[in-house]
2 protein chains.
Amino acid sequence: MSSGAAGTPAEIPVPLAHRVPDLGAMELLLAVARLGSLGRAARELGISQPAASGRLRALETQLGVALVRRSPSGSRLTDEGALVSVWARRVLEAAEAFDVGAQALRGRRDSRLRVAASMTVGEYLLPGWLIALHGRRPGTAVSLAAGNSAVVAQQVLAGEADLGFVEGLDVPSGLDSTVIGRDRLLVVTAPAHPWARRRVPLAAAELAATPLILRESGSGTRQVLDAALAPHAGPVPPLLELASTTAVKAATVSGAGPAVLSELAVAEELGTGRLTAVPLAPDLPLTRSLRAVWPAGHRPTGPARDLLSLTRG
Amino acid sequence: MSSGAAGTPAEIPVPLAHRVPDLGAMELLLAVARLGSLGRAARELGISQPAASGRLRALETQLGVALVRRSPSGSRLTDEGALVSVWARRVLEAAEAFDVGAQALRGRRDSRLRVAASMTVGEYLLPGWLIALHGRRPGTAVSLAAGNSAVVAQQVLAGEADLGFVEGLDVPSGLDSTVIGRDRLLVVTAPAHPWARRRVPLAAAELAATPLILRESGSGTRQVLDAALAPHAGPVPPLLELASTTAVKAATVSGAGPAVLSELAVAEELGTGRLTAVPLAPDLPLTRSLRAVWPAGHRPTGPARDLLSLTRG
DNA sequence: TCGGGTCATAAGCTGGGGTTATGAGCAGTG
DNA sequence: CACTGCTCATAACCCCAGCTTATGACCCGA
């Protein structure tokens, strides 16, 4: 209630960006680690050797730790540097995924491979595939259009996309498809919620009777949930109905109540312990398939086929 | 048309940091998404509203995509913006992990919880635990010392650390311990390598006879491998012997040959398809346990107990 | 002892990102 | 209706982070 603006004073004083070195510094650290020399790292990044020297020193003072042992014959990471470089690599890998996604989103019309993807696939799976695709077929230019399953189907049918990715129970007509994965919906709570320690699986009837934090009606997630709970007196009116997955996650993390979300959407939070998954009884088949689709009869060829083959791991 | 791409001469890529918006911009985008207004996002980040406006505009021009639909009554993400914000969230989550790790590494002497961790744990597992710990016990100050298992054991015994994390087959004497996980070693190759498509499991004898890319003798990984292959005529001399896990990964990705690495170390690469795991026969038990350790008889209490309980999440 | 590699320091320039001040557009309200 | 309060955008100014080039100290191998 009261949308709590006044209640929280200053929970987030300093932005993360000010506490963490920037991507360039991390990239520099990894280059030094890989090449064994400040100068060579500088050359690779297209900056001068003094610039690299200064930047690295600034990085070390910011972190308060010596990261590199310098010597007239080169530079090697310290133990702490090795640790930091792994954390940095994580960040840069996520940034690389961001980059390929954004590049595809820019969507040049003359791209050799035009992909249309649903949000779920585009958000969580596609960047990884694009990185892998780039590794195998470096020249491939990809453009990406995002939308719900209906839009994707329409784009593929109209020939505006070579390959589409949709989620849902039904295959749009006029398209051939193959299942490339399965998206399971999870019931998640904040770690403090009683259900977080729950061992006995949650049954459909109980879930149906519990007010939940949900996406609005019409979202893919909501459809699957409604269908699964319909046999059990349907879902009770939601505790909160929010417009974005992000909002649902935020509300759940802050302890507002249990939510139902795609496992893809909450993988991070589960990993870091901000959310906990509740065990589900077998009568709760909260799952939908992810499909690749293409115009009926026209099996994907060339880059589309390459991408498709990547999606089966 | 036809300008640009074809002309690119050498392998001198623009640094990732120049192609990707900086962390501040990503943070801003997420704040706008969450708060629904540029001005409020600006306030949360401690900058002025025009600064946020300009930064966001710059972000959009850099990506070539409209991310936010502005209106006199607030701002909402476009579809593309929603996509980008998820990718950005990934980056920021990795950055947050970096931050908590780095903060612990700075190691103030008066920290309430002093942790000593082996490289493997410190690199891949500890940041997640620290984030979760911070979520549950926000006040806890953590300091982190990193080193090999012997160093960790010594620090815990000397009372310089409240809790230690080690990997290996044996428990250092004088310490009580509990197994918190299992680190499996994987045989990995570049996707182009013949073994990458292999279906028939790799047997110990075959692995023992194959030149591999390995860490130097004495590393934890190497010890486990040597022990496992000793019964099968020991490992053949390595193809390459490199000083860091990073170097081994780089050599493997570039196709130099198969490598043996911790599953924790290659999780990213497997996910993004840069490396492929080779199925192993049951006679290859390449596994070691990860243990939490503390002085014999002194069960962890307080924050140490909190952290320990998180490791079984 | 010379040449080629390492890294650090010094001095100077530039621009990205910040600031304040101001104005326009739209939504409620008395 | 005009007033108030929110939204966002533009303009003019400022500062310092991070770049550059020039130079020097150190170490190693030929």
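Values reported hereafter were calculated over all heavy atoms of this structure, with side chains retained and with hydrogens, waters and symmetry mates removed.
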**Message:** Main chain of A/Ala104, side chain of A/Ser143: is a donor-acceptor contact present, judged purely on distance under 3.5 Å?
**Reply:** no
**Fill in**
Sequence neighbours excluded, the answer for side chain to side chain donor-acceptor pair (under 3.5 Å) partners of A/Arg215 is A/Thr245
**Asked** Is there side-chain contact between A/Trp129 and A/Val121, with at least one heavy-atom pair below 4.5 Å?
**Response** yes
**Complete:** So the contacted stretch of DNA chain C, first to last nucleotide with an atom under 4.0 Å from a non-hydrogen atom of chain B, runs from C/dG17 to C/dC26
Can you give the donor-acceptor pairs under 3.5 Å from side chains of residues 52-59 of chain B to other protein atoms, not counting sequence neighbours?
| from | atom 1 | to | atom 2 | distance (Å) |
| --- | --- | --- | --- | --- |
| B/Arg55 | NH2 | B/Asp22 | OD1 | 2.8 |

**Prompt:** Backbone N or O of B/Leu63 within a donor-acceptor pair of the A/Gln103 side chain at under 3.5 Å?
**Reply:** no
**Phosphate OP1/OP2 of D/dT7 contacted by B/Ser37 side-chain N/O (<4.0 Å)** = yes
**Message:** Any base atoms under 4.0 Å from A/Arg40, or only sugar-phosphate, or nothing? Heavy atoms, all strands.
**Reply:** sugar-phosphate
**Asked** Residues in side chain to side chain donor-acceptor pair (under 3.5 Å) with A/Arg76, at least two apart?
**Response** none
**Prompt:** Taking only residues two or more places apart in sequence, or in another chain, which ones meet B/Gln62 in a side chain to side chain donor-acceptor pair (under 3.5 Å)?
**Reply:** none
**Toward the 5' end of DNA chain C, by each residue's nearest nucleotide, A/His18 or A/Ser71** = A/Ser71
**Prompt:** Do we see a donor-acceptor contact under 3.5 Å between the side chains of B/Ser73 and B/Ser71?
**Reply:** yes
**Asked** Just by protein heavy atoms under 4.0 Å, how would nucleotides 9-25 of chain D read 5' to 3' in B, S and -?
**Response** BB-------SSBBB---
